[in-house]
Amino acid sequence: MPELPEVESIRLALDGRLTGEVVRWARINLQRIVRRGRIELLVGRRMLSTGRRGKFIWFDFEGEVRLFAHMGMSGTLLWLGDDIEEPSHVRAVLGFTTGRLAYRDPRTLGGLWIVSDGVSPWRKMGIDLLDPRFTTAEFARLLAGRRSSIKTTLMNQTLIAGLGNIYTSETLFRAGIHPGRPARELKPDEVRRLHRSIIDTLKSAIKNRGTTFRDYRLSDGRSGGFQDFLKVYAKDGEPCPHCGGPIKRTVQAQRSTYYCPRCQR
DNA sequence: AGCTCACCCTGGACGC
DNA sequence: TGCGTCCAGGGTGAGC
């Protein structure tokens with residue numbers, strides 16, 4: 001589910017609430033959601049800070065212990081006050097003095113990692129899209145020689161980390177670039193436009209607390225707001241906001257892509 | 001090394 | 001109401 005803006009929105013909402021708090025107890029409802037380590041290792045430890053890279057979020061605890069979470073397609077982290085009942089599909093819970101942090105994931109495609117040896121859960125992750133080192137020049141370097149489509153390439157987390165299916169469609173539309181173009185054939189001017197579009201789209205989405213489609217919620221239960229600003233995603237057949245022609249849906253690498261055939265070349 | 005595909009899961013929407 | 005089918009914000013690992 002969540003892409004960079006949703007994960008960052010969750011992190012921002014939890015950071016102020018959890019930093020400095022001590023884990024009192026922990027519970028796992030579905031064991032296979034824990035991909036590495038033991039959740040009990042967190043009990044008694046104070047949370048020091050939060051972080052994010054790509055679509056991974058993490059929480060640093062005393063004693064060099066770090067909890068990583070990846071939400072997969074349907075996961076989220078919910079803050080539950082003491083009076084709030086636990087919703088369905090909660091796979092793990094951490095208890096604090098002021099409330100509980102619940103990992104909810106209906107499809108169980110996400111996971112948790114409890115790490116004390118400094119080893120990150122990802123095999124290879126590209127540069128985070130909000131990292132200042134993600135420049136136009138760096139972007140051009142990463143795209144060079146890539147034969148696959150720009151849509152598929154933007155989704156490749158080992159190159160650049162953070163874009164998923166919603167924001168790739170949106171960012172390509174905003175840059176006026178056809179999703180089927182081979183990545184290596186983009187002109188320098190188009191690379192610049194796309195780079196600008198990626199950063200602008202992500203920042204704007206974060207400002208709006210992400211996109212709510214189906215059941216994504218922020219940790220306090222609120223919806224995101226960026227769905228009101230989507231221009232093409234899930235809008236096949238609807239008029240393009242630029243030219244009025246019909247938005248098209250196509251499938252690339254088994255995922256839906258939405259675009260305007262007239263505005264995106 | 002780069003690329004494509006099948007697969008991992010559950011739930012909701014839709015058609016009959 | 002019930003059943004079958006399709007679809008969904010993602011990542012991996014095998015095989016070419």
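This structure is a prediction, so every number in the text was calculated from the model and none was measured. Lettering follows sequence order; numbering is per chain, from 1.
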Exercise for the section: Return the residues of residues 142-155 of chain A meeting this criterion: a heavy atom under 4.0 Å from some atom of DNA chain B. Order them by number, or give none. Expected result: Arg146(A), Arg147(A), Ser148(A)
Exercise for the section: Apply side-chain hydrogen bond (donor to acceptor under 3.5 Å, both in side chains) to Glu138(A) and list each qualifying residue two or more places apart in sequence or on a separate chain. Expected result: Arg141(A)
Handout entry: More than 12 heavy atoms from other groups under 6.0 Å of CZ on Arg147(A)
Key = no
Problem - Test ring pair (Phe, Tyr, Trp, His ring centres under 6.0 Å) applied to Trp122(A) - qualifying residues, sequence neighbours left out - result: Phe56(A), Phe68(A)
Practice task
Using a strict cut-off of less than 4.0 Å between a Lys/Arg side-chain nitrogen and an Asp/Glu carboxylate oxygen, indicate whether Asp105(A) and Arg91(A) qualify as a salt bridge.
Solution key: no
Completion exercise
Per the under-4.0 Å heavy-atom filter, residues of residues 167-174 of chain A near DNA chain C come out as none
Distances for protein N or O near nucleotides 5-8 of chain C N or O, under 3.5 Å:
unit_1	atom_1	unit_2	atom_2	d
dA8(C)	OP1	Ser256(A)	OG	2.5
dA8(C)	N3	Arg107(A)	NH1	3.1

Completion exercise
Output for pair (Ile10(A) CD1, Arg209(A) CZ), nearest 0.5 Å, gives 12.5 Å
Handout entry: Residue of the set Arg17(A), Glu21(A), Arg24(A) for which side-chain contact (heavy atoms from CB on, under 4.5 Å) holds with Phe96(A)
Key = Glu21(A)
Handout entry: Nucleotide dG10(C), atom P - distance to CD1 of Ile160(A) in whole Å
Key = 13 Å
Practice task
Would you grab the first and last nucleotide of DNA chain B (5' to 3') that comes under 4.0 Å of any non-hydrogen atom in chain A?
Solution key: dG2(B) to dG11(B)
Exercise for the section: Return yes if some donor-acceptor pair links the side-chain N/O of Thr19(A) with the main-chain N/O of Asp15(A) below 3.5 Å, else return no. Expected result: yes
Practice task
Check the distance between dG11(C)'s C1' and Phe68(A)'s CZ and give it to me in whole angstrom.
Solution key: 16 Å
Please report, to 0.1 Å, the donor-acceptor pairs under 3.5 Å made by any side chain of residues 80-87 of chain A, with sequence neighbours excluded.
unit_1	atom_1	unit_2	atom_2	d
Glu86(A)	OE1	Arg27(A)	NH2	2.5
Glu86(A)	OE2	Arg27(A)	NH2	2.8
Glu86(A)	OE2	Asn29(A)	ND2	3.4

Practice task
Mark yes or no for whether Asn208(A), through its side chain, and Ser204(A), through its backbone, hold a donor-acceptor pair below 3.5 Å.
Solution key: yes
Dump every N/O contact between nucleotides 12-16 of chain C and the protein below 3.5 Å, one line per pair.
none

Handout entry: Pairing residues for Arg32(A) by the salt bridge (charged side-chain N to carboxylate O under 4.0 Å, His left out) criterion, not counting sequence neighbours
Key = none
Problem - Met155(A) backbone acceptor or donor facing Gln157(A) side chain under 3.5 Å - result: yes
Practice task
Step by step, work out the side-chain contact (heavy atoms from CB on, under 4.5 Å) result for Phe59(A) and Leu77(A).
Solution key: CA-CA 12 Å; Phe59(A) 305 91; Leu77(A) 286 164; 3.8 Å; yes
Fill in the blank from the handout: The complete set of ring-ring contact (aromatic ring centres under 6.0 Å, His included) pairs with one or both residues in residues 176-210 of chain A, sequence neighbours excluded, reads Phe134(A)-His195(A), His178(A)-Tyr259(A)
Practice task
Look only at the side chain of Arg45(A) and the backbone of Leu41(A), and say whether a donor-acceptor pair between them is shorter than 3.5 Å.
Solution key: yes
Exercise for the section: Remember a base hit wins even if backbone is also touched, and classify Arg32(A) as base, sugar-phosphate or nothing at under 4.0 Å, heavy atoms. Expected result: sugar-phosphate
Let me check something: any side-chain donor-acceptor pairs from residues 161-169 of chain A under 3.5 Å, sequence neighbours excluded? List them with distances.
unit_1	atom_1	unit_2	atom_2	d
Asn165(A)	OD1	Lys151(A)	NZ	2.9
Asn165(A)	ND2	Ser256(A)	O	3.0
Tyr167(A)	OH	Glu6(A)	OE2	2.6
Tyr167(A)	OH	Thr211(A)	OG1	2.7
Thr168(A)	OG1	Gly164(A)	O	2.8
Thr168(A)	OG1	Asn165(A)	O	3.2
Ser169(A)	OG	Tyr258(A)	N	3.2

Problem - Consecutive-pair stems (3 or more, Watson-Crick or G-U, under 3.5 Å) for DNA chain B - result: B:2-8 with C:10-16, B:10-16 with C:2-8
Handout entry: N-O pairing of Lys187(A) and Asp189(A) below 4.0 Å
Key = no
Handout entry: Inter-nucleotide P distance (dC3(C), dC9(B)), Å rounded
Key = 23 Å
Practice task
Report, as yes or no, whether the 6.0 Å neighbourhood of atom CZ on Arg38(A) holds more than 12 heavy atoms from other residues, nucleotides or ligands.
Solution key: no
Problem - Arg35(A) (side chain) donor-acceptor with Gly110(A) (main chain) under 3.5 angstrom - result: yes
